[in-house]
Structure formats: structure tokens, C-alpha cells
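Because the structure is a prediction, the values reported are computed rather than measured. Every chain is numbered from 1, with letters handed out A, B, ... down the list of sequences.
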Amino acid sequence: MEKIKVKEVDNVVVLFAGDSGDGMQLTGTLFSNVSAVIGNEISTFPDYPAEIRAPQGTLGGVSGFQVHIGSSKVYTPGDLADVFVAMNPAALKTNIHKVKKGGVIIYDEDSFLENDLTKAGFTTDNPFVELGVSETINLIPTQLTTLTQKSLEGFGLDGKSILRSKNMFAFGLVCWLFNRPMDKAEHFLENKFKKKPSVLEANIKVMNDGYNYGNNLHLSIPTYTIERSSDTKPGKYTSISGNTTTAFGLIAAAEKAGLELFLGSYPITPASDIMQVLARRRDLGVKVMQCEDEIAGIATAIGASFAGCLAATSTSGPGLALKSEAIGLAVMSELPLVVIDVMRGGPSTGMPTKTEQTDLLQALYGRNGESPAVVMAASTPDDCFHYSYMAAKIALENMTPVILLTDSFIANGTSLWKLPKLADMPEIKPNYVPADYKNYNAVSRNEETKVRYWAIPGTEGFEYRNGGLEKDYVKGSISTAAVNHQKMVDTRAEKVQNVKYSIPELEIIGNEDADLLVVGWGSTRGHLMDAVSSINEKSKNVALAHFNYINPLPKNTEEVLRKFKNIVVCELNSGQFAAYLRSKIPGLNIMQYNKVQGQPFTAIELEEQFELILKK
Amino acid sequence: MEKIKVKEVDNVVVLFAGDSGDGMQLTGTLFSNVSAVIGNEISTFPDYPAEIRAPQGTLGGVSGFQVHIGSSKVYTPGDLADVFVAMNPAALKTNIHKVKKGGVIIYDEDSFLENDLTKAGFTTDNPFVELGVSETINLIPTQLTTLTQKSLEGFGLDGKSILRSKNMFAFGLVCWLFNRPMDKAEHFLENKFKKKPSVLEANIKVMNDGYNYGNNLHLSIPTYTIERSSDTKPGKYTSISGNTTTAFGLIAAAEKAGLELFLGSYPITPASDIMQVLARRRDLGVKVMQCEDEIAGIATAIGASFAGCLAATSTSGPGLALKSEAIGLAVMSELPLVVIDVMRGGPSTGMPTKTEQTDLLQALYGRNGESPAVVMAASTPDDCFHYSYMAAKIALENMTPVILLTDSFIANGTSLWKLPKLADMPEIKPNYVPADYKNYNAVSRNEETKVRYWAIPGTEGFEYRNGGLEKDYVKGSISTAAVNHQKMVDTRAEKVQNVKYSIPELEIIGNEDADLLVVGWGSTRGHLMDAVSSINEKSKNVALAHFNYINPLPKNTEEVLRKFKNIVVCELNSGQFAAYLRSKIPGLNIMQYNKVQGQPFTAIELEEQFELILKK
Amino acid sequence: METKILTYTAKDFKSDQQVRWCPGCGDYAIVNSLQKVMADLGVPPHKTAVISGIGCSSRLPYYMKTYGFHTIHGRGAAIATGVKAANPDLTVWQITGDGDCLAIGGNHFIHSVRRNIDINVLLFNNQIYGLTKGQYSPTTLKGKVTNSSPYGTIEEPFRPAELTMGARGTFFGRLLDVDLKNAQQVMLEAAKHKGTSVVECLVNCVIFNDGAHGYLAERNTRPDRTVFLEHGKPMIYGVNRDKGLILENGRLKAVTIGENGITEADILVHNAEDPNPTLHWELAMMQGPDLPIALGVIRAVRAETYNDALDKQIEEVKAKSKIKCFDDLVDNLEQWEI
Amino acid sequence: METKILTYTAKDFKSDQQVRWCPGCGDYAIVNSLQKVMADLGVPPHKTAVISGIGCSSRLPYYMKTYGFHTIHGRGAAIATGVKAANPDLTVWQITGDGDCLAIGGNHFIHSVRRNIDINVLLFNNQIYGLTKGQYSPTTLKGKVTNSSPYGTIEEPFRPAELTMGARGTFFGRLLDVDLKNAQQVMLEAAKHKGTSVVECLVNCVIFNDGAHGYLAERNTRPDRTVFLEHGKPMIYGVNRDKGLILENGRLKAVTIGENGITEADILVHNAEDPNPTLHWELAMMQGPDLPIALGVIRAVRAETYNDALDKQIEEVKAKSKIKCFDDLVDNLEQWEI
Ligand SMILES: Cc1ncc(C[n+]2csc(CCOP(=O)(O)OP(=O)(O)O)c2C)c(N)n1
Ligand SMILES: Cc1ncc(C[n+]2csc(CCOP(=O)(O)OP(=O)(O)O)c2C)c(N)n1
Ligand code: SF4
Ligand code: SF4
Ligand SMILES: [Mg+2]
Ligand SMILES: [Mg+2]
């Protein structure tokens, strides 16, 4: 028996794609989990279709899941796939451009029949030729359907259920390919199908048969080993999505602050999960209201904030638009409030399942009047936890609405998350009115920080009337006096600007004397880091400054940016952060690299772009 | 009999102020009308209290009306009043800072009794001393109440009605002071009180008695004559508010375009009048729907636009916030729509009766996704007509929402308006789909201009499905394809940018080689012009560039601005247009002069500011 | 001499777009029925506008060869109102889901009903948010476990009939996805009614709320569990058409004809046109097992429509006014020569 | 031994702000009554929250020495819902106008009613937008000339009782500004009711809609034109208290006791607690001259409140779950050591 070739690699990208009904999300999740368990770094990117269930086998119904695993820090789900599992021709067609030269495509022969090809709009019987698939790509046809049927013969399952298991065959096969531990895989399946023992049994059987199929047949492809990551600090980990960590950040912050957590929300793709994760937490006393619309979502939250909760509302772009007026009320009444916007493709209903960074200017400016709020953005599925916690902390300590931007890419994507302990999290001290404060009113504030004092209804002696009309700086009563208004406008702005003293300074990643500074914000960090590192492995010409705090900007921003002669701001919109930076720090030489395609950057395109700039 | 001294002056500012119940708005309007009639330039500024009727005699209930009349072009209602009519101590107190040195205060002695003084918060019996009123000011105590009562003795009117006429006594007196023609004044009163002959008779009597009182008593003040303006082109004129002309602009545009006019709206201060003026025009077939809220206001308008009307919606800041999401739909479905935002003090409910320019960034950016719309602003009550007409023209010809910004200052203020003829207005050619167009769909467009073709429901052969999801550039069907989205985003942006080829270029007013370029936009033009002219009478050091088109900017904007080493952007917000300019045209040296007090600039403060800058 | 009569078939109203609902989704039945009804109605496709919000159901306009507008979530009622008010020659259909119509769109819904704008509202009630993947809606039954109510909802649902009547609705009908013939009849009457015709379409979401209308769905038991109401006809139902409704002490009661001396003449005759909604309310609220669930046209009352009132007022004012055009308007302003 | 009983007077609920409504505005009566009712109710000022939207009426919170929040137009219901859900120990009053509540706020209104959140809603119905100077509102009678309907409105108004019931309201009361004693009784019962208590306050806007409730306003004719409904009491009214209501053929009819053999025993006894709303509807819709207009508590039905259901579910889940804090939550995730 000839020895199988084993490739040792640093990192590898696997892409699963098939019909919405093919269970690709589960397969991908399982694969990323078994990889994480053995100490690999992971980063994933699910790419859902817009329809719930488009007609089977059509291009509109393709669901994909990409996993990047590595033995050192992995920042993105990867640009191009080393291995692509294609369950049907439609999946092949929509994803072929994501496969690396020299990559491997495993596909279900049984699902590439004439009828299937037609549904996916192929006109010949050879889809690979028709697509011009590179000859360097290694095609592994596998009779997934037939093999699964055989595997489950005699299990007494109906044909539909059997077919639904074929993703497990593919999964087993890929596990073999990457030397994944089957006991861990079984363990994950057990958790998933606890309540359906027959399904569980069948899935385990098919998965193991898939593994053995690879093992026994000595498919003519090298298998891979990926070492345990050494970048990963030892500890307990899980693999988790950004929406879940965002929800968890709020839970942690509420407990730390000693407050009840209230979420007022309305379902919207891709933000609904935040609400759904929190709705499950009645055991922690989390009060989630699914409201009649987004306005009620924020309005109930403002009510809850007034009443003394840590209050939040979660939504996506169109919902944020609807909340604009009420955010203004939170600004004016100086109440703590966390507003989470999981950005998606716009404008209007746009492309609900796709990712974009196009709500930045809306978050900054989408309100009537001079209406400053804190705006921040998370970068990865796991740091959504940190930033959602910090959003709550800033809101409570500064009596201001905080808008936290995430996006479809990190909200649905997963990464490894080192499990935190509440005790290790920074303190949260809401700006309560001192118990001995005299003559409290709606604008009583700490004169140094300009932060309004918070009195919780129910507390005797601090009854006060808040509201959305302009107030007298001293008395808190309604005022239209000219100079007073100016003072109030300035005070609210100053309060928000003061947040810059409590957030971290901007850091430069890479060479401080580089020719080019790459600037990004939010979820693009992984791709930018990859591209920057890759260039810096050759020259040391590029540095990266990545922003998570946007209003206010870190206090050293101007100083840092002024050091660089060339700056390129990269973002998944038409140049919103670039415009913001230009307006805040005049005189910088800012170039832009923008992409508005509903998809994340690829490190490759970024690298090419930076090289181009450097050459000029 | 000694001869009365008559001052010949170029222009004069008169301020009427009293309790909300004192009829100051009517008095001011009448005075500005009789001045306009005889060929003076006028500009007015009503300053309403926030309450409908605050308790009588209190500071909160003071209602003011300022009129600037001149023998040459008058750009603003004036900074300081030459003559101030104060009906009670509260009016005196709230407006005393608006009186010129050497000015005249006429006040109703009968309303300055102890009780009245107390209500206005005076603690001594001499309010003038208490306020430190300059000795140069000429005080004319007049027993307005007693004199009015006497005037109407035997008229059989009840006491309340008699008291309500005392503004007419003041009006008559001021007419005498400024040599206004009493026959014209009577004519205006006749129109106003057509249906109440007894009130009319009483008012005319009191007014004439007021005039005669001045005439007979030879009050020791000079009277004024102001020559007929020579800047005014001969023609027919009326005096009109910005809200009315805004409404009229839409009526004219609809008729010119051959379309029905539809307005979907919801009442809100200070925009309600636009709706109310249009609601009266059922005779012109104008369809006004007062909707259940602002969202329905724009939504019905979008429906009407889809159905083939010239459609508009009118609101103020908080309402614009609520309309954000739907504006995005208009962007995405590429439908013509005029959105009028009469700005007021913010944020939130803010200061509803006060003026501000703080909605600019909201208008530009307050939507999810990359969502470009045309944004423009009017400058004076009379040019609201022009810009509202142009907003409609641009919307119809470019298939885009157009946001027109006006504000409380020009919406409620009045100026002379030269009556237009429809025949003289520019053509409006909606971008209808050519009758022989084949395979029309939701994105069929003129490939040169990028403007979508409009098919009106009811037309056979052009049935199509529009919507808020991203569409295939060619087929018009739903698409989430990456490159297609980029193309659509770019196309929508390009279409809006192309509007710059049809709008006027930016002009420089004043010296092209000046040291300082003053930049403004919207309703501040008058004050900026005054300040700039005033400085240029001494040095020739300042120039003015004033913007009415904001997105897109006039195509020569960059070229023009780059000529100036120093630019100061003056606006009634915290620097929104300045930020926008910085983001669009990097490398300019932009200073800011901002005021957020709910009040217009004064020419004096601007002049001081410019002098200061010039000295540096 | 022959007159050319325009006749249409369902095909004339079908677009070339592939229908993209889940296999088995109840919405298929409605779109097919609607196309048939439109053909029967005889209003040409280009005089028909189909307006929707967002939701699975709201995708319907794409499948129609009429003018169509798939707008934003919840605003369909207001947009449809604008379409009709602006262009009353169009026959306007509003397609909406229980979430789109009654959650975010609730206000526009009640106001369009109150105004009695002449549109036909098909409310696809699957008691769930389909498109966003299975959260409870304002019509989801209390206690139901969904993706957003892991421990069961704690809210009483709206009942569309009740809310429609509370908003002074002039027309309310109810139909069931699988009951094709009756469904078409209800839609046709909705289309003919002048005013806001609300039709609650009970549809099945196979993915997130399968069987929500299961009590009615089965062909065999349906005749005993439902009564199909038609104006002017007795309220008789049952497999053997021997069951009927009577009023007893002011409350509805189900009886069997032939038992206890009940004859067909005792059975209530449906008066959909009674302005007083209380009996319509009782009928709409009927629930099993004691009473059948009402399908058909429960209420259809004549009243002035908003669009007619608007046009009438415009005509009246036009007739009286001397202002006929913009130039007249300006001429009639108080003015002076300078 | 003495127990210290907390007692309040109206003054304890009066803030030092000058009331700024127009002289003669009906809102004055309500704020004064409310302060009395709060004192009677005995909930301390610091446990009371008064939430409003925007409108003349919505300025009321400034005049109260309680916690207060004057929010944004139309959102009072949702904000009050948030306050109560978050902090159920507070007694929450929502102050709203006919525009605030039923125009822009219509959706939040019907949803708060449906959820039966335990708040007390005082709906100041002056049938006009006061603050914005006299445009018609959703309750303005059809045909009325206002600043925004120069030729008369063309819309049928909402009738708040009907909409409340259409949204499955558990409590509806109606009171008149000038009828102080009765008004206070209705407010007190609203406060005591658990759930969304909707109280329609008929108030006069002297400036923009003077006399809208003129039919009821006059002291002399009021007893004959109105009936004050109290649960368990016969529906008797009239200056001489000799008039009453009976049911005839299922419809309400006014009769005179002593005429045509009618005795007091024939008069309907008011059952506000009947879950079936049809008679409540008939009562609420009564109009002159044939029938008296109903004031008082028309409907007061017991049902679970949203806030109680929420708290109950939280307690139940807490009792069963092993997750007690954030660290537990994290510990219970699928996890592995690296
Ligand atoms: C402003 C806004 N909020 C939320 C959403 C997300 N959303 C889309 S459809 C929908 C509900 C769909 O439910 P329903 O109307 O019942 O239609 P169904 O899918 O069940 O047919 C929601 C919440 C959105 N698209 N826009
Ligand atoms: C978003 C928004 N839209 C509109 C307004 C303007 N507005 C303020 S109060 C009001 C209506 C007031 O009527 P109502 O609620 O009946 O109160 P009333 O003044 O009659 O007591 C309107 C339209 C606003 N403040 N905010
Ligand atoms: S999710 Fe439900 S409602 Fe949506 S298409 Fe599928 S079955 Fe139909
Ligand atoms: S305008 Fe009307 S509602 Fe407002 S305070 Fe005056 S009287 Fe009252
Ligand atoms: Mg639904
Ligand atoms: Mg009102």
C-alpha cells in the first residue's frame, strides 16, 4: 500500500456550497468547530441566498460557507479556496471564481446530471469546460448521493431524509482530507442532534463512511495537516458568530453595571440573531421586546433607559434610518442607549444578505439638528463582544447614545473566541446623580466632563422632567433663548468629544516610516492586515491604521496620520470614512480604495492595489 | 406751526412686538405691504413664540415682527431696529437688544403698569432704567389703550374687541411716521376683513386716528421718507412668504410639465403652510393628502410619483428623519420626488419656531447605503419659488429625489416678489420612455445621461416591476451579483452628479482677487451680502460665493474656491457645509463662522468677524 | 356587426419571472388565483398596479405582468393609497403579509381602511415572519414558540377582521390558500367593492409555521369546520349542508337543520351590507369546535371612497373658482405695480 | 399604636412650572383632575412616571411633580411601554392628543392596547391639532373646515372606542373636561385597572376647534344628553334620572321610566367586564339626539398584562435554568481548551 502524501500547510481555505436545502451552513460550522477544537485558528464567512428557499438547484438558491483555518493567526475567511465542495452545478457556477489555482474541487457526480445542469443555466454537458475551469484544478467527482444512500441502506429512513444526509458524507471526506479528529466531530453532532437520536445515528454513520471512503480509496490528492496555532493564547475557546458575541457583550455589561438589560428590536436581516440570542436569556432576566417596528424598538429602549435599564436596540440599515428621529431624542434627553446597526447592502432594501460598510455617514449624521452621538465599529466576530461591551460602558458613563456598527460579514461569520470572565472586564460606573445632590433637574451635569447625572425613576427626591425640547442650561426648563441654545449645542458636542480621553489611542501596525499608510475601519481589518503583512514580508513599505472608534476619533489620530505622506483609505462603500477624515483633518493626502459589491475585500485585490500605489 | 423734520433715509428697520394676542403679525404684514406697494424693497422676519398662547403678558408669549424697508435692494430683515413698537413690558424686555442706538421706542403706556411689569419679571417701576436702555434712544410713551378706547367710543364694540384694535392705532402712528399712504393701508384692511364689516370699520377708524394722532401732535421725532427703490425692476409685485412661494413653485412646475401635482404631507412647524397653501388649490387640481404621519406623507408621494404625478412631500427636520428610509426607496426606484425640508432648531423636537441650518448633513447622508440624492437650498422668501420650481424640474428630468432645504427664517419671512408668468419659466421635460422603446424594464435608461426612463402606469406595453431591491443593470430583475451592484451604485451616483451640467455655475460676488472669500449657502445670503458689501465699501478685500446647489456642487466650484487663499464658511450650524466642502475639495484653507442660536446672522457680527480675519 | 370584447386569461397577467417561494408555500395558490381573478375582472394589465411591502408574500408583484412596485417594509398601504389617489383609473392591489401589514405597517393599514381608499388588500396571514426566518408576528397565537419567542409569545394577537372593523372598514373577506374556487370568489368581490377591501388570506408557511391553519386545511373536515358566507344567502355549511347558524340571545349558535325542529328558514341570512358591524364581528370571531370558522365576504358596506371624495371636491372647487391655471393664481394675488 | 399612612394632596403632584395653555383650554381641567386622582390613588410622586408625545396636551408632564418625559411626536405609547416593561414598579401614565395618539402614533397605540401593557392612557381628544395651529386630526368630523381642509375634510374619523376595541382593548373610558367629578372617577378606575386603560378625554380647544364638544358641554342639557356608565349599575340618566337604556331587537333604545310600562328593573345594567365587546361597542357609539352619549367606564375586562406575563416568564425560565450569570452563560457554551 503506497503511502499517502501529507502536505503540511500553514493555513487552508475550504468552501462548501450547495443548494439552500443541502445543509452547507451546518457542514461549514462543523468543519470550523473541529478545526478550532484542535487548536487551529479559524475564520468563517457564510454567504446566504436572498430567498428563504429559491427553487432547488437554481443559482438564486445557492448557499455557501467558507472556512479559513490556520496554524497562526487567521484574520479573514480567506480570499480563495484550496478545497471547494460543490454539491450541485449552481453552486459550482456561482463560486468557481473563488477557487485557487491548483485547488481541489470535490463535487457530487450524482447531482451533475443534465437536468441539474439546465437548472443552473449550463448549455453543454461539461460545466467545467463551459466555465473555463483552469486545468491546474484537481477535480474529484464523487457519487455523494449514491454513496450516502448505500451508507444508510437498511436504516429505515425515507428517501428525503437520506438525501439530507449527503452533506455528512462530504463532511467526513473533508475531515479525512484535513486529518480532523472524528471523535470531536461526533461530539459536535451529538450536541446538535441531542433530541433526534435517529438523525444523529444516521449522520454519524454517513460521516464516518465519508471519512473512510477517503481513507480507503486513496484519492489521488494530498491530505493536509495544519499545526495547532501558536499565536493562540492557551485557554478555553469556542467558535462563535459576531451577532452572538454582540449580544453577549450587552449581557456582560449589564451585569457588570448592576443593571437590567432591555432590548427593544424588530427582526431584520442580518441583525435578527442579536435579538434572538438575547430572547433566549430570560434566565438572566434580559427583557427583550420584539416590537411592532424599528421606531417602537428604539422608543421602548429609550423608555427603558429613562426607567433605569441598560437599554439597547438592534437593527440594520433601513431600520437605522427609521430610528433617526428617536436617536435625536436620546441625544437631547441625554440618556444612555446602545444602537447596534448590522450593516448590509443598500440603499433601500438593497441586498439584505450581503455585506457593506455604507451606513457610516448615516450613523454619524442621519439626524436633524446638531445631534452628536458616539459612533464605533467592531472588526471581527470575536471582538464584537468587546465593542458591544464598550458601547454599553461608554453609553452609561457618558449618558449618550452610542451607535455600534457591525456588518453581515462579521455578524454571521464566526471566529475563535477566548472565553472571558466577567471579573476581568473593565468596571462600568453609570453616571448616577450623587445621593446628596440638591435641586436636581433634567440638565444637572458633572461640569468637568459635561456628563448629565442620571436619576432613576422610583428614587425619591429626584423627580424631574426630561424631554426633546431645548432646555435651559441651568434650570432644565424649556428654553428658546439664543445664547443658551448655543451653549447647550456646544455642551452636548463637548460631552461626546470628551469620550476620546477614555478610548485607546490609534496604533500603527507595521512600519512607522512606511511610504504608505493603509487606513480602514470596522470589519475590513482582517483583509487589510493580510494584505499589509504580505507586502511587508517583501518590502517594509506599508503600515496600517485601523479604526474602531469613529466619533470621537482617538485623540492622537491627527498626529499619527500627519506622519504619512500617502494614505489610502480602504472601505466597502464609496468613500465615507475618507470623506469623514478629510472633513476632520484637513491637509492629508488621502487616496481611496472602495468596493461596493456586497462582498468583503480580498487580500489579493488589496495587495495589488497597494503595490500599484507604491509604484507610482 | 413749526415744520416737521423729515429724514430721508435709504432704509429703515421697524420692529413690532407684543403679546401673542396683540396682532403683531398682522400689523407687521400690513406695514410691509403698504411699503412694498409704494415701491420700497422689503424683507420681513416674524419671530413666533413656541406656545400657541402663553399666559398673557409673559416673556414666553411675546410675538415679534421685524420689517426692513429700503429704497435699494434689501437683503435681510435688518439687524437692529430704527423704530421699535413695544406693546408691553415683556416685548420690551425680549427685544431691547434689537434696537439701534439713536432709535425710537414707541410703547403703550397703559400696558406698563405695575402688574404688567411684574408679569415680565421687572422688579422696579422703571423698566428702561432696569434694562439699561441707552440714553440715545428716543422713548415715545403713548396711551395706546386709552386712545383706542376713545377712538371706538360709541361703536358698540365690547371691551375685548376694542382692545384687540389697539395694534391698529400703533400701525396708524407708524404709517404717519414713515409717510405711508393711508388709502393703500385701507385697501389691505378691506381685503383682510372683507367678511367682517364691523371689524373693518373699527380698524380703519382706529388706524386713521393713530395716523392723525401722529400728524396732529407733532411728536418730537423726525418722520422718514424712503424713496421708491430703483433696484426693483418695474413690474407687478406682491409681498409673499417663502412657504407660499415654495408651494407656488410646485404648482408652476406641474403645469409646465403637464402633470398633476400631488403633495403627501403631515403638519409640522414651520412647514405646515406649504401644505395649507396647496390644500387651497383644489381649483388647480392639486391633490394634497394630509397623511397619518411623515412616512405616509412621503410614501403616498412615492406612490403618486410611480403613478405619474409630480409628487412632493414637505416637512421639517424631525419629519425628514422619519422620511429617511423612504427617500432611499425613491433613490433605488429612481422616481422623481421633491422633498422639502423647512429647517428649524434641533436636535430632536428642539426649538420648533426658531431657524437653523442644521439639517444639511442629514439631507446629504441620512439614509442607509450609498444613497445619492440632489440637495439644494433656497435663499430668500421670493427665490423659494425659483428653487422649488427647479427642484421639480431636476427631479422630473433626472428621475431622482431632490431635497430642497429652506428654513424658518425665509419660510415665514416675506419679501417682494415680482409676479412671474408661466410662459417665461424654463421648459420641463420629464424623462418619459420613448413610445417606441422595446423591452422596457425597471432600469431602462438613457445611457448617456444615465437617467432612467419613466413609464406611467396606465400606458399599454410598458408594464414593469419597480422596487427597493438591487436590480440587474440590464434585465431590471432582482440581482445580488457583486459586479452588477457596483455598477448600479456607480450609475445612480453618476446620474446625480450629471445634474451639475444643467445648473448654473458658481458666481463670485465682489472682488475676485479679494483676500478673503466668504462662503455661505441657503438663507444666509442676505446677511452675508450686507456684511460683504459693507466691508467692500471701505476696502475691496472680501468676496462672496453663495451656494444654492449643494449636491452636486456647481461644476466650477473647485476652480473658483482654489483661487482664494482664505475661505470662511459661515452657516447657522456647527460647520456642516464646511465639513462637506473639505470632504469634496481637499486642500482648501477653510475657516468657519458658526452660530447655532435659533436666530439668523446679523450683518454686524459677520462684518466684525470678517474684519478680524482680515486683520490677521 | 361584431363588437370586440377584451377578454383575458390568467396568462396575460403572469410575468416571465420564476416564482421563488419555497415548494409548498401557500402563496403559490394565491398568486395563481389572483391571475385568474384579474382575467375575470377584465381590467387590462396596464391599468392594474400591484403594490407590496417586504416579506415573502410581498414578492408577488414580480410574478405579475402588470405595473408593479415592491416597495419597503410596511409602507405598501400608504404607497398604494398614493397610487390610487393620484391615478384613480388604475385598479390597485396591495399585497402584504401579517408582519408587513400589521406590525410595521399597522398605522398605514388602519388609516387606509378609515379613509376607504379604493384598493384591494390581500393580507397573507401565515402568522409568522417568513422572509426573516420565523419570528412571531402580531397574528401569532399567544404561547407559540418561534425563533424570537423561545419560551412562547406573551402577547395576544391581532385578529385582522376585528382591527379592520375597529378602523371602520367597509369590506372584510377571508379565504384559505387551498380552497381555490372560494378564494377566487372572495377576491373578485373584493375587487368589485368600492373602498378598501381587506381580504385575509390564510396561507401556510411550510418552513416556519407549517400547519398554522391546519384545522381548516384538510379537505374532508373543512366543510364541517368552516362556513362560506355570501351576502343574501343563508349561513349553511357542513359536508351534508345540513348545518347552519342562528342567533340565540344575541349570540351565534350552530344548529343542525332537521334537528330540534330547525328548518332552513330558521337559518340566518347573511347581510354583509349592514353598516352596524357587531354581527359581522361575531361572525368573524367564530372559532371551532362549537362554531365554524367564517370564510367568504363577511362585510361589504357601501360608503364614499377617499379617491371619489377627493375628485368630487376638486371638481366642485374647480367649478366655482375663477383660478384655472398658474397665471390666474398669480393674477389673483394682492399686487401692485412698481 | 399608630401606623403612619402616606397621604397626598393634589399639591404634591404639582410642579412649579407655569401652565402654558391658552386661557380656557380644556386641558387645564384634566391636569387638575389628574393631580387629584394621583393624590387619591396614593402612589407617591417618585413612583409615578408621566410620559407624553408632542402636542399642546403633551406638555402636561411639565406640570407634574413626578418623573416625567416629554418625548417625540407619536411615540409616547412605545416609550411608556418601555418604561413599564423595564420598571413595573412605576405607575405609568401616557398623555397624548388625538393627533399624537391616532395619527402618527396610531401603530404604537394599537400595539400597546393589544399587548395590554399596564399603562393609563389619557387621550386628549379635541378633534384638532392644537400645537401646530389647527389642522384636522384623525378624529375631526367629516366635512369640517380647518386650516388644512379649507373645503372640508373628506375622511371619516376614527372613533377611539372602536379602534381600542378593534385592537382588543381591555379598558375604555370616556370623560368630559368640564365634568370634573365624573372625570376623576373615570381616571381613578383607569389607574386601578391592570392593563392598557384608554381614557378618551373630550377637551375643548378654544382657539382652533371651539365648541367641538358643545353638544355635551352645557351644564343644563348634559344630564339629558349623556349617560354616565358604571359597572353593575343600571344605565339611567336624565335631569330627573328617569331615562334609561334597554335592548330592543339587539339594539339599544332610550326609554323613559314610567312611560309605556317601563320600570327601573327593565333598564340594562352595565356590565363593563363582559369580554365580548359588541354591547360595549354599541354603547360607545351612541349618538344624540335619540341616544345619550356614553361617559364613564364603558369597558373594563380582566386579562393578563404584558408586563406581568414578561415577569412571569422570566421567573419561570430563571427557576429552570442553571445559567444564573454571565460566567455561567459562557461556561455553558460548547468549548475546548487550547
Ligand atoms: C425597515 C425594515 N424592517 C425590517 C425588515 C425585515 N423584514 C423583511 S420582511 C419582514 C417580515 C415578513 O413577515 P410578513 O410580512 O408576515 O411576510 P411573510 O414573509 O410572512 O410573507 C421583516 C421583519 C425590512 N426589510 N425592513
Ligand atoms: C415628527 C413630528 N411630526 C410633526 C410634528 C408637529 N406636531 C407637533 S404636535 C402635532 C399634533 C398635535 O395634535 P394633538 O396630538 O391632537 O395635540 P393637541 O395639540 O391638539 O393637544 C404635530 C403635527 C412634530 N413635532 N414632530
Ligand atoms: S418561508 Fe414560508 S412564507 Fe416564505 S416562501 Fe417559504 S413557505 Fe412561503
Ligand atoms: S391651541 Fe387649543 S389645545 Fe392648544 S393650548 Fe390652546 S386651546 Fe388648548
Ligand atoms: Mg407572514
Ligand atoms: Mg388634538
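Ranked by non-hydrogen atom pairs under 4.5 Å with chain B, the options A:Gly575, A:Ser574, A:Ser316, A:Gly587 are led by A:Ser574. When B:Leu360, B:Leu59, B:Leu320, B:Leu329 are compared by the number of non-hydrogen pairs under 4.5 Å with chain A, B:Leu329 comes out ahead. Across B:Pro586, B:Ser583, B:Gly366, B:Gly328, the residue that shares the most heavy-atom pairs under 4.5 angstrom with chain A is B:Ser583. Contact count against chain B (heavy-atom pairs under 4.5 Å) is highest for A:Pro347 among A:Gly350, A:Gly346, A:Pro347. Each of B:Gly317, B:Ala330, B:Pro318 has some count of heavy-atom pairs under 4.5 Å with chain A, and the biggest count is that of B:Pro318. Considering only heavy-atom pairs separated by less than 4.5 Å from chain A, the leading option among B:Met351, B:Glu470, B:Glu370 is B:Glu370. Between chain A and the residues B:Gly598, B:Ser324, B:Ala481, B:Gly319, the most heavy-atom pairs under 4.5 angstrom are made by B:Ser324. Across B:Thr358, B:Leu322, B:Leu581, the residue that shares the most heavy-atom pairs under 4.5 angstrom with chain A is B:Thr358.
Using a 4.5 Å cut-off between heavy atoms, A:Glu356 touches chain B through its side chain atoms alone. Only the backbone of B:Ser479 comes within contact range of chain A, judged by heavy atoms closer than 4.5 Å. Contacts between A:Gln599 and chain B at a heavy-atom distance below 4.5 Å involve the side chain alone, from C-beta outward.
To the nearest 0.5 Å, the span separating CD on B:Gln362 from CD on A:Gln362 amounts to 10.0 Å.
When all heavy atoms are compared, the tightest approach of B:Asn368 to A:Ala321 is OD1-CB, 4.2 Å. Contact detail for B:His485 and A:Val596: the closest heavy-atom pair is CD2-O, 3.2 Å. Across B:Asp359 and A:Gly369, no two heavy atoms sit closer than the pair OD1-N, 3.0 Å.
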Discussion item. Would A:Arg582 and B:Lys584 count as a side chain to side chain contact (heavy atoms under 4.5 Å, CB included) here? Give the steps.
Written reply: CA-CA 8 Å; A:Arg582 282 195 192 100; B:Lys584 291 281 158 187; over 6 Å; no
Discussion item. For A:Asp293 and B:Ile295: C-alpha separation, side-chain torsions, deciding distance, then whether side chain to side chain contact (heavy atoms under 4.5 Å, CB included) applies.
Written reply: CA-CA 13 Å; A:Asp293 62 15; B:Ile295 302 180; over 6 Å; no
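Chain B is approached within less than 4.5 Å, heavy atom to heavy atom, by A:Gln486, A:Val489, A:Arg492 from residues 486-497 of chain A, ordered by number.
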